[in-house]
Amino acid sequence: MKKSRKESRSGRAKFTPGDMAAMEASARLNAADRNPYSWNMELYPYPDGSGYEARFTRCGICALMKKLGLYDLTPALCRLDYTMSEAGGASVFVRQYTLASGGPYCDCGYKKRA
């Protein structure tokens with residue numbers, strides 16, 4: 001079956017074993033513990049195999065925008081997650097919370113396109 005939208009190079013690697021291993025390695029880093037402009041996240045693969053959620057508990061963009069006095073613009077940057085997922089072509093982005101909007105974390109859900 002032919003895909004209705006062209007998948008970018010980055011989209012072709014989405015959900016591969018290598019992609020998942022890289023996501024798991026990123027989750028283990030807890031990089032924001034050492035660098036306030038990085039991220040801490042946890043990875044939650046969906047039980048049905050349809051994708052995963054990357055749940056960010058610390059956000060480098062939020063820290064930077066606060067330092068610059070531009071925090072009120074941060075939700076607009078969060079909106080780019082949808083655009084980037086669409087550009088990749090392999091996933092549908094889903095979200096309920098962002099730290100920038102007062103949520104308990106940023107949930108970045110990536111569901112495989114059918």
Side-chain angles (χ1 to χ4, degrees):
M1 181 198 287
K2 187 175 179 180
K3 292 196 180 254
S4 61
R5 78 177 60 244
K6 187 177 179 184
E7 217 173 84
S8 75
R9 279 194 162 154
S10 63
R12 281 186 239 139
K14 195 89 171 148
F15 307 114
T16 63
D19 176 54
M20 296 307 296
M23 294 296 294
E24 290 167 358
S26 291
R28 286 191 301 273
L29 283 176
N30 288 321
D33 290 351
R34 295 173 301 286
N35 176 352
Y37 306 116
S38 194
W39 291 262
N40 283 0
M41 69 102 151
E42 299 166 352
L43 183 64
Y44 298 96
Y46 295 142
D48 65 0
S50 65
Y52 61 85
E53 177 181 307
R55 187 175 295 175
F56 293 84
T57 54
R58 292 189 51 196
C59 171
I61 296 294
C62 289
L64 178 62
M65 296 301 276
K66 281 180 186 174
K67 182 176 181 172
L68 296 174
L70 301 170
Y71 193 69
D72 59 325
L73 301 175
T74 308
L77 296 174
C78 298
R79 178 66 182 90
L80 290 173
D81 291 331
Y82 291 92
T83 305
M84 297 301 291
S85 178
E86 182 70 23
S91 63
V92 174
F93 187 79
V94 294
R95 168 179 283 149
Q96 185 174 1
Y97 303 110
T98 64
L99 292 167
S101 297
Y105 47 79
C106 293
D107 54 339
C108 298
Y110 296 91
K111 294 192 170 244
K112 295 176 184 176
R113 286 194 185 270

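No hydrogens, no waters, no symmetry mates; every other heavy atom, side chains included, goes into these values.
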(request) May I ask whether Leu80 and Val92 are part of the same hydrophobic cluster, defined by side-chain heavy atoms of I, L, V, M, F, W, Y residues being less than 4.5 angstrom apart, directly or through others? (result) no

(message) Are Leu70 and Leu77 linked, directly or through intermediate hydrophobic residues, by side-chain heavy-atom contacts shorter than 4.5 Å (ILVMFWY only)?
(response) yes

(message) Quick check for you: to the nearest 0.5 Å, what is the distance between Leu64 atom CG and Ser38 atom OG?
(response) 12.0 Å

(request) Report yes or no: do Tyr44 and Met20 belong to one cluster of Ile/Leu/Val/Met/Phe/Trp/Tyr joined by side chain heavy-atom distances under 4.5 Å? (result) no

(message) Closer than 3.5 angstrom, by distance alone: can the side chain of Asn40 be matched with the main-chain N or O of Ala32 as a donor-acceptor pair?
(response) yes

(message) Please find the pair of heavy atoms, one from Tyr71 and one from Leu99, that lie closest to each other, and give the distance.
(response) OH-O, 3.4 Å

(request) To the nearest 0.5 angstrom, please state how far the SG atom of Cys78 sits from the CZ atom of Phe56. (result) 11.0 Å

(request) Give the cluster check for Tyr97 versus Trp39: same hydrophobic cluster or not, with ILVMFWY residues linked at side-chain heavy-atom distances below 4.5 Å. (result) no

(message) Distance check, rounded to the nearest 0.5 Å: Asn30 atom CG versus Asp33 atom CG?
(response) 5.0 Å

(request) Apply the side chain to side chain contact (heavy atoms under 4.5 Å, CB included) test between Phe15 and each candidate in Ser50, Pro45, Ser91; give the one that qualifies. (result) Ser91

(request) Say whether, by atom type as modelled, one donor and one acceptor occur between the side chain of Lys112 and the main chain of Gly49 under 3.5 angstrom. (result) yes

(message) Classify the ring geometry of Phe93 against Tyr110: parallel below 30°, tilted from 30° to 60°, perpendicular beyond 60°.
(response) perpendicular

(message) Quick check for you: to the nearest 0.5 Å, what is the distance between Glu24 atom CD and Asp19 atom CG?
(response) 10.0 Å

(message) Nearest 0.5 Å, please: how far is CD in Glu53 from CG in Asp107?
(response) 4.5 Å

(message) For a quick test of reading the model, state the closest non-hydrogen atom pair linking Leu43 to Met41 and the distance between them.
(response) N-SD, 4.2 Å

(request) Answer yes or no: is there a side-chain heavy-atom contact under 4.5 Å between Pro36 and Lys67? (result) no

(request) Might you point out which heavy atoms bring Ala90 and Lys14 nearest each other, and give the distance in Å? (result) CB-CB, 3.8 Å

(request) Kindly compute the distance separating CG (Leu68) from OG1 (Thr74), expressed to the nearest 0.5 Å. (result) 9.5 Å

(message) Would the distance check show the side chain of Thr16 and the main-chain N or O of Ala13 forming a donor-acceptor pair, the cut-off being under 3.5 Å?
(response) yes

(request) Heavy atoms only: give me the nearest Cys108-Arg95 pair and the separation to one decimal. (result) SG-NH2, 3.2 Å

(request) Give a yes or no answer on whether the side chain of Arg34 reaches the backbone of Leu29 with a donor-acceptor pair at less than 3.5 Å. (result) yes

(message) Between Ser85 and Asp81 (side chain of the first, backbone of the second, donor and acceptor by atom type, cut-off under 3.5 Å), is there such a pair?
(response) no

